[in-house]
Structures are given as structure tokens and as C-alpha cells.
Asks: 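Got a structure for you, questions after.
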There are 2 protein chains.
Amino acid sequence: MAPSRSSVVPLSKRKIACKDCSLFQICLPVGISEEELERLEKIIQRRRPVKRGDHLYNSGDPFRSICAVRSGSIKSYVPTEKGNEQVTGFHLPGELLGLDAISQKIHPCSAKALETTSVCEIPYEQFELLSNELPVLHRQLINLMSKEIFEEETHMVLLGKKSAEERLAAYLFSISMRYQRRGFSATEYYLSMSRNDIGNYLGLAVETVSRMFTRFQDDGLLTVERKHIIIHNLDRLRHLAGAMPCKSGGNSFCLTRS
Amino acid sequence: MAPSRSSVVPLSKRKIACKDCSLFQICLPVGISEEELERLEKIIQRRRPVKRGDHLYNSGDPFRSICAVRSGSIKSYVPTEKGNEQVTGFHLPGELLGLDAISQKIHPCSAKALETTSVCEIPYEQFELLSNELPVLHRQLINLMSKEIFEEETHMVLLGKKSAEERLAAYLFSISMRYQRRGFSATEYYLSMSRNDIGNYLGLAVETVSRMFTRFQDDGLLTVERKHIIIHNLDRLRHLAGAMPCKSGGNSFCLTRS
DNA sequence: AACGGAATATGACAAATATCAATTTGTCCT
DNA sequence: AGGACAAATTGATATTTGTCATATTCCGTT
């Protein structure tokens, strides 16, 4: 049975130059020159795909490089005593991870592949050297980090203020938007993470997540079959997600319910 | 006249050069040369103190500069419909704010003074220009942002996993450490924020915060009289705060209960 | 293909914390 | 200094969500 991700290409089989990579505009600075791009490409490493369950790095590992997901997905989490853990984020194609380790030079989180996943690595020392000559690289990293800080604030609002229903709705809506941005369907996808991981990330018990999925389905909001999600009413989903910081029409931020 | 930090000096009355400022090692890159420092100083602006309740900026305002608290304290929050808000952080002397606005060029949060507060501003455009010549400035900013991302992950663990008791303990312990780092007492201080703000930040109702303060006091852990806090057993407080990411003795991160 | 363990789903119940209400205390302003 | 409003505390009750138990389905492994 064929995965319905429109045209599936075995990404892992091909060596792709950065400028041909679909993650181009996300990973790389806008307005970079051809020559600058070549120099950046030289230091980017493409690891061979990691298998489901494998770790990209572990909590406590020395920080060596920033990673960008090319395909697949990664879960970041802080391990705690006796197998407990707190999931701190999921990383979809085009998204970075490891930015929390730059300052301490040690990874505070572990990163585990949720499925077969391929990743680009940018060795940080070399990136630093290159940035001395190309400040635009530094600037792009700062922008991406600022965005991450903003997104973590959004998640703080979720954890601090939202009900279980709002949390799951906001989560699904966020996944939708992130897939959409990458050119995938916003209304139909496979969730690569378990209910356990979702609950953990959202500060909910697994059972609560399960019940909310059931409720959403009973309400006709979506169809869910294990990991396969079809959203029938994205607008209602956003509405259910409750207030979230977003750019309003003009130049100001606001909190809307729709 | 030598301003010693313990004897209270009307800080707001004096123009202080960066290199004489007590926030020196926090605001500024280590290993910066005398000449580089002078150039940075030229672009740093010292606003006259803002009064309690005044806003440094509002959600939706255009982003112009990064702010550093010199004295006093600031609350960051995302305003929501009808006066509701989510507090996203408190900023004590030596700490930065506004890093979440760099990417969008618009402040997603509002920033309000909790008491009379003086602030340094670094106009971001000028900072960018200067950074082209002094990459060390960019590097320092990246480090500070990485630290902030890590700290927000820590707060995510608090909101996602901890009980009310653990949350308040973790909060007080965090304040203690931050004051200690600035050379103030870790065990006695005035909380400039209201119970409401604390509860909001911790994802708890005001009443719950109040009850936890009472419980801590009944347990002999601390003495609390409105905003005045005396902690009698910092170690037990840390223990009550539950697991938190921290550097262990060696080179690895771990989650300890003490 | 069969087995076994893991993930998911669902129901019954318990517990933590929110909500509501009332009181006290403190602080700001005239 | 007095008065009014805001903040904090405390108690009683409600509600949401977590926990425990059980059933079911799925997936990977032999």
C-alpha cells in the first residue's frame, strides 16, 4: 500500500547540492551569492540516513554541529531519572535542531529519529570561521534562533493556559502549517510520533490524547486511524486551538481566536 | 565616589561607562579589546528609568533595539483578548529582553516594568553594522540566545511535568540563583512581581500560589511576608523543585534531584 | 503464518488544582 | 490621615485531567 505523499522520491539515495535542495530557502540565507553558497556547501556534511530509534546525539554529548532535517522527523527530549523524559520538540523537514547547545558546547537534549531520517550537519567551528568573512551567515542563524525563541514562547502559552482540547488542536494545526510550508498537504499526513510522545510534549496523559482524538473524530473535525490523519475543517481546528500569537493583517501582533 | 553595590546608590543619576557597569561581563563579549569596547559603547543608549507599570514596548511595536536590564525588573507577556495575558518571563538586572523580536522585526510580547527600572538599549541596526566588523559581537549574541532557548526548554519541563509545589520551588530557586549570580543574596530578597504574575508564569491559579507559599512557610522552608522572602534551606528548596537539567560534575548533562 | 509485545483505545474512579466566595491586609491617591 | 481599591489569603466546592484496569489492534520477529 503506497504512502500517499504525492510523489515519493528516495531522497536518501541522492546527493543533492544545497542550491537544488528543497530546504534551500529555509536552511540558507536569502541573498547569498553564488560564490558564498559554494563555500558554505563545502562545509555542510550529509550523514547517511539514521534509522528509526537511532540517536543523532545524546544529552551530555559535546556539541559539534547544527543539524537540519532533510527528510523524516526527529524528537528532542530531556531524559530524566529512570526512563522518564520530557519531549521538548519535534523537528520536521527543513527545521533545525541543536541550537540549545551552542552556548554550553554540550547537548542538553537527546535527539532520536522517529522514522528513517536524513540530516545535514553544519560543523559549528567551520561555520564560525566562515561567518567571520560572511556575516550574513551569522545573521541568518540569529534570525532562526529568534524564531525558535518565539515559538517556544508560543508553546509556553499552550502549556500554561490551554485545555487538553485546545492543546491537541493547536498541536495538529501547527503540524499542518509546518507541512504546508514545506509544500506537503496541510490536511492529510502521517504522524510519525506516538501518542505517548504527543502527550508528553503537550503535558497530557496518553489517555487524554487518545480521548481527544476520539472526540475530534466524533465531532467530524477529522478522521484519524492510528497515525494517519485527515483534517476536514482546518479553520475549525484553528478555532479550537484557541488564542495564539500571530501576525494580524497589518503590522501588529495580536491574539485572535480565528 | 565608588558605588558599592550593597550601599544603595541612585544608579539612575549617574552616567556609567560600560566597562564600569556591573553588568559588564554579562552584556559584553569576553575578550573584547579596549578599542572595540569604545565603539560598542558609542551605540549603547541609556534610557532614563521607567516607572513601575510603564511599558518598555508593546506587543506589535516595531523592533528597534535589544534591551538589557541594569536595575529593577521587567515582565514580558503576551496580551490576549480582554485583558488576559500569558507571562512569558521576568528579567532581572543583567538579563536581556526582546530577543524574540529579531526575526519578525516586531515585538510579539509586551514588556512592563515591575518597579522603577533602568535599561540599556542597543539599537539593532547599528549593532548589525558594527558586527560586520566585529564578529565577536554576533557570537556573543548567539551564545546568549542559545542560553535563552535552553532556559525556555527548562521552563517547558516545569510546565509540562511538575506539580504546583515543584513549580513554585523551582521558581524561587531560579530567582535565588539569578540574584546570586549578580552578587546579591540568594536567600533573602523582595519579589517585585505579584502573586498573580507568578501564578500566570507558572501556569497556576493565584490561590494555588498563595497556598504553596503558606505550605512552605508552615514547613519551615522559608519565611514569607508579602513580597519579602527569606529562604532558610536553599538545598531543600532545590530538592523540592524536582528534576531539572543541569551540568553535572563532569562534562555531561544530567537530571538530578539534588 | 503465528506469536508476543507494544501502542492505542475506552471505562471507572481518584486526585490535583481551578473556581467561587468571603475576609483581611496593604498601598496608593487625594 | 482617611478612604478606596487592589492584592493576598483562606475555605468550600466543582471540574478537569490523571491513574488504574482492561480490552483491542497493530507491527515486527521468529
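Convention: sequence-line order gives letters A, B, ...; per-chain numbering from 1. Basis for what follows: all heavy atoms, side chains included, without hydrogens, waters or symmetry-related copies.
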Asks: Please give, in whole Å, the distance from C:dA9 C1' to A:Leu204 CG?
Replies: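 My rounded result for the distance is 16 Å.
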Asks: Could you check how far CG of B:Leu191 sits from C1' of C:dG26, rounded to whole Å?
Replies: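 Rounded to the whole Å, the gap is 16 Å.
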Asks: With DNA chain C as reference, determine whether B:Arg52 or B:Ser163 sits nearer its 5' end, using the nearest nucleotide of each.
Replies: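 Counting from the 5' end, the first nearest nucleotide belongs to B:Ser163.
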Asks: Give the rounded distance in Å between these two atoms: NZ of B:Lys227 and C1' of C:dC28.
Replies: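 After rounding, the gap between these two atoms is 14 Å.
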Asks: Surrounding CZ of B:Arg64 (heavy atoms of other residues, nucleotides or ligands, distance under 6.0 Å), is the total greater than 12?
Replies: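 Count not over threshold, so no.
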Asks: With distance as the sole criterion, is a donor-acceptor pair present between the side chains of B:Ser71 and B:Ser118 under 3.5 Å?
Replies: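 Yes, a side-chain donor-acceptor pair sits under 3.5 Å.
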Asks: Quick one: label A:Ser210 by what it contacts on the DNA or RNA (base, sugar-phosphate, nothing), any heavy atom closer than 4.0 Å.
Replies: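 Here A:Ser210 touches the bases of the nucleic acid.
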Asks: Salt bridge or not for B:Arg238 and B:Asp235, using N-O below 4.0 Å?
Replies: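 Answer for the salt bridge query: yes.
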Asks: Could you state the atom-to-atom distance from CE of A:Met193 to C1' of C:dA7 in whole Å?
Replies: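 Taking CE of A:Met193 and C1' of C:dA7, I get 15 Å after rounding.
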Asks: If I take atom CG in residue B:Leu202 and atom P in nucleotide C:dT17, what distance separates them, rounded to the nearest angstrom?
Replies: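 Nearest whole value for this atom pair: 12 Å.
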Asks: Below 4.0 angstrom from OP1 or OP2 of C:dA16, is there any side-chain N or O of B:Thr208?
Replies: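 For B:Thr208, the contact criterion (side-chain N or O under 4.0 Å from OP1 or OP2 of C:dA16) is not met.
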Asks: A:Ser194 side chain: which of C:dT19, C:dG11, C:dA7 is closest?
Replies: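 In terms of side-chain proximity for A:Ser194, the closest of C:dT19, C:dG11, C:dA7 is C:dA7.
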Asks: Which class fits the ring pair B:Tyr57 and B:His107: parallel under 30°, tilted 30 to 60°, perpendicular over 60°?
Replies: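 Correct class here is parallel.
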Asks: B:Leu168 CG to C:dA16 C1': how many Å, rounded?
Replies: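 It works out to 16 Å between those atoms.
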Asks: Take the protein atom CG of A:Asp197 and the nucleotide atom P of C:dA7, then report the distance between them rounded to whole Å.
Replies: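 Rounded to whole Å, this separation is 9 Å.
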Asks: Reckon B:Gly199 touches a base, only the sugar-phosphate, or nothing at all at heavy-atom distances under 4.0 Å?
Replies: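 The residue B:Gly199 makes no contact with any strand.
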Asks: On DNA chain D, reading 5' to 3', which nucleotide is the first and which the last to sit with an atom under 4.0 Å from a heavy atom of chain A, could you check?
Replies: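 It runs D:dT17 to D:dC26.
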Asks: Hey, which sits more toward the 5' end of DNA chain D by its nearest nucleotide, A:Arg215 or B:Val206?
Replies: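 It is B:Val206 whose nearest nucleotide is closer to the 5' end.
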Asks: Going by an N to O cut-off under 4.0 Å, is there a salt bridge joining A:Glu115 and A:Lys51?
Replies: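 Here A:Glu115 does not pair with A:Lys51 in a salt bridge, since their nearest N and O are not under 4.0 Å apart.
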Asks: Under 3.5 Å, is there a donor-acceptor pair between the A:His232 and A:Thr223 side chains?
Replies: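 Result is yes, a qualifying pair exists.
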Asks: So if I take every side-chain heavy atom of A:Arg195 and compare against C:dT10, C:dT8, C:dT19, which nucleotide ends up nearest?
Replies: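 It is C:dT8.
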Asks: Kindly state whether the ring of B:Tyr201 and the ring of B:Phe90 have centres lying under 6.0 angstrom apart.
Replies: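 Yes, ring centres under 6.0 Å apart.
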Asks: Find the distance A:Gln217:CD to C:dA9:P and express it as a whole number of Å.
Replies: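 Rounded to the whole Å, the gap is 9 Å.
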Asks: Nearest-nucleotide wise, let me know which of B:Glu225 and A:Ala164 is further upstream toward the 5' end of DNA chain D.
Replies: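 First, find each residue's nearest nucleotide; the 5'-ward one identifies B:Glu225.
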